[in-house]
Amino acid sequence: VNSSQLDKLEGLAGKALTGDTGATARLLTVALSGGESADCLSEVLQGRERTAHIVGVTGPPGAGKSTLVGALAHAWPGEGRTAILAIDPTSPITGGAILGDRVRMKQLSGDSRVYVRSVASHGRTDGLALGIERATDVLSTLNFDTVLIETVGVGQVEVEITSLADTTVAVFTPGQGDVVQAVKSGLNEVTDIFVVNKADLGGADSVIRDLRRVTRAAVESAAEAETTWQRPVLGTSATDKEGLSALIEQIGAHREFLERSGEGVDRRTRRGQLQIGEMLNARWHFALTELMTSSQGREMSNRVAMGEVTAHGVTPSLMSELLALIDRQDQY
Ligand SMILES: Nc1nc2c(ncn2[C@@H]2O[C@H](COP(=O)(O)OP(=O)(O)OP(=O)(O)O)[C@@H](O)[C@H]2O)c(=O)[nH]1
Ligand SMILES: [Mg+2]
């Protein structure tokens, strides 16, 4: 690894730790663009404490996620710093990124406890953005108390966010159709806190009631109650700043629950599994492509197709070829 690059990234990380927003922005750019420098950054941050609580905010388009996330960060009590990673659609039609940014800029100008970064989704269809896992990891080493991630409202369930967040908040609005149905078809399992935003427009009460009915977990004993999170359903008005402290309180309660029940360790472990799995998958696929397009691979494939040998029969020898290829990749 290039040592001058390591030094540069070390320097930026040092500055970012003291709250330097320019340095923070540059580190995030490195993380988001991926490649060798991003790997280098991961190395620099290796061994540092990851203390931030990561909160994912998801929900359908226009539910008020950007407004809510900005208002929450601003209303957060104490001196702790909050980072917002807002994944905005890159659509030239809706101008999502620009609109969302404008909303947040207006809310947050002058609040030095809050750092905001918009990230373009660049065609990733799961509501996240390329490099977002690494960007989140970077922020969690930089003395932020909370990292709020707003996912793109692509109109479907953004389940992927739950592999990244400690706490997942789903935002709905009254009068957007059958919320209960939407929740039943997948969001129920992965959401920790339900929010019915735009409560100022009326009609929120019945949606809240319906949601409470379908999301309540069955608990049979006191011991089970200790280890079962009862997903709260809250009404908010992001524009009128109503219900924000109740939501902040529930996010804190869920954070405590994760610690107390051991569920937090499980979630972090799953995150690590995904990271390792992605890395191994990439290496494996690279080697597999190399092997199958080699003359040996093509000849073997042809013989399998002609019925001279079986795929099952050639697997052991191909497997050792693959491992040898991966070994050779390591030498570079
Ligand atoms: N009446 C009312 N309007 C709200 C509330 N929260 C947000 N809005 C409005 O709803 C519109 C959409 O808000 P955004 O915060 O951009 O919604 P979003 O979920 O981030 O939208 P996308 O990122 O495009 O999916 C804006 O015009 C907001 O001003 C609320 O609590 N009450
Ligand atoms: Mg938004």
Side-chain angles (χ1 to χ4, degrees), residues 55-76 82-109 111 114-129 132 135-136 147-162 164-165 167-177 179 182-183 187 191 193-208 211 232-248 250-251:
V55 180
V57 178
T58 187
K65 299 179 294 295
S66 297
T67 316
L68 186 64
V69 160
L72 275 181
H74 197 48
W76 217 278
T82 301
I84 297 175
L85 267 182
I87 304 162
D88 281 308
T90 19
S91 160
I93 300 162
T94 63
I98 297 154
L99 187 69
D101 261 359
R102 234 180 259 147
V103 168
R104 281 182 298 264
M105 294 301 186
K106 217 168 75 196
Q107 284 172 319
L108 294 167
S109 56
D111 192 338
V114 185
Y115 174 81
V116 186
R117 171 70 176 243
S118 301
V119 184
S121 61
H122 285 308
R124 217 174 127 165
T125 52
D126 55 7
L128 297 178
I132 204 72
T136 306
V147 177
L148 297 170
I149 304 173
E150 178 195 347
T151 73
V152 177
V154 286
Q156 71 209 36
V157 181
E158 278 86 67
V159 177
E160 287 299 315
I161 184 65
T162 57
L164 189 57
T167 299
T168 299
V169 178
V171 183
F172 298 97
T173 54
Q176 67 175 30
V179 171
V183 165
L187 215 52
T191 300
I193 299 171
F194 292 91
V195 169
V196 180
N197 189 39
K198 306 198 185 182
D200 54 295
L201 297 182
D205 286 347
S206 70
V207 179
I208 291 173
L211 276 177
V233 183
L234 306 167
T236 60
S237 169
T239 43
D240 295 356
K241 307 200 180 353
E242 294 286 341
L244 300 181
S245 49
L247 177 51
I248 291 169
Q250 286 300 328
I251 292 170

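Just so it is clear, the structure is predicted and the values come from calculations on it, not from any experiment. If you read the sequence from its start, that first residue is 1, and numbering goes on from there. We use all heavy atoms of the structure for the numbers below, so side chains are in, but hydrogens, waters and symmetry mates are not. In each ligand, atom 1 is the first atom listed, and ligand 1 is the first ligand listed.
Some N or O of Ala63 is nearer than 3.5 Å to an N or O of ligand 1, by distance alone. Residue Gly64 has at least one N or O atom closer than 3.5 Å to an N or O atom of ligand 1. An N or O contact shorter than 3.5 Å links Thr67 to ligand 1 by distance.
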Exercise. Under the side chain to side chain contact (heavy atoms under 4.5 Å, CB included) criterion, do Ile251 and Trp76 qualify, and how do the steps go?
Worked result: CA-CA 11 Å; Ile251 292 170; Trp76 217 278; 4.1 Å; yes
For this session: Could you go through the side-chain hydrogen bond (donor to acceptor under 3.5 Å, both in side chains) check for Thr173 and Asn197 one step at a time?
Result: CA-CA 5 Å; Thr173 54; Asn197 189 39; over 6 Å; no
Problem set entry | Residues Val55, Val169; criterion side chain to side chain contact (heavy atoms under 4.5 Å, CB included); working and verdict | CA-CA 7 Å; Val55 180; Val169 178; 3.9 Å; yes
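Shown in contact with Ser66 at under 4.0 Å from a heavy atom are these atoms of ligand 1, numbered in order with element: 15 (O), 18 (P), 20 (O). Near Pro61, meaning under 4.0 Å from any of its heavy atoms, are these atoms of ligand 1: 25 (O). Within ligand 1, the atoms closer than 4.0 Å to a non-hydrogen atom of Glu150 are 20 (O), 23 (O), numbered from 1 in the order shown.
Remark: the backbone N or O of Gly59 is paired with a side-chain donor or acceptor of Lys65 at under 3.5 angstrom.
Closest to the Mg ion (ligand 2) among the N, O or S atoms of Glu150 is OE2.
Contacts with ligand 1 closer than 4.0 Å are made by side-chain heavy atoms of Leu201 only, the backbone lying farther away. At a 4.0 Å heavy-atom cut-off, ligand 1 touches Asp200 through the side chain alone.
When side chains are defined from C-beta on, Thr168 does not count as touching Ile193, because their heavy atoms never get closer than 4.5 Å. Using a 4.5 Å heavy-atom threshold, the side chains of Leu234 and Val196 count as separate.
The nearest non-hydrogen atom to atom 29 (O) of ligand 1, considering only Val195, Thr239, Asp240, comes from Thr239.
Put simply, OG1 on Thr136 and CD1 on Ile149 are 3.5 Å apart, with the number rounded to the nearest 0.5 Å.
Residue Ser66: an N/O/S atom is found under 2.8 Å from the Mg ion (ligand 2).
Residue Glu242 places every heavy atom at 4.0 Å or more from ligand 1.
Residues Ser66 and Glu150 bring a donor and an acceptor atom of their side chains to less than 3.5 Å of each other.
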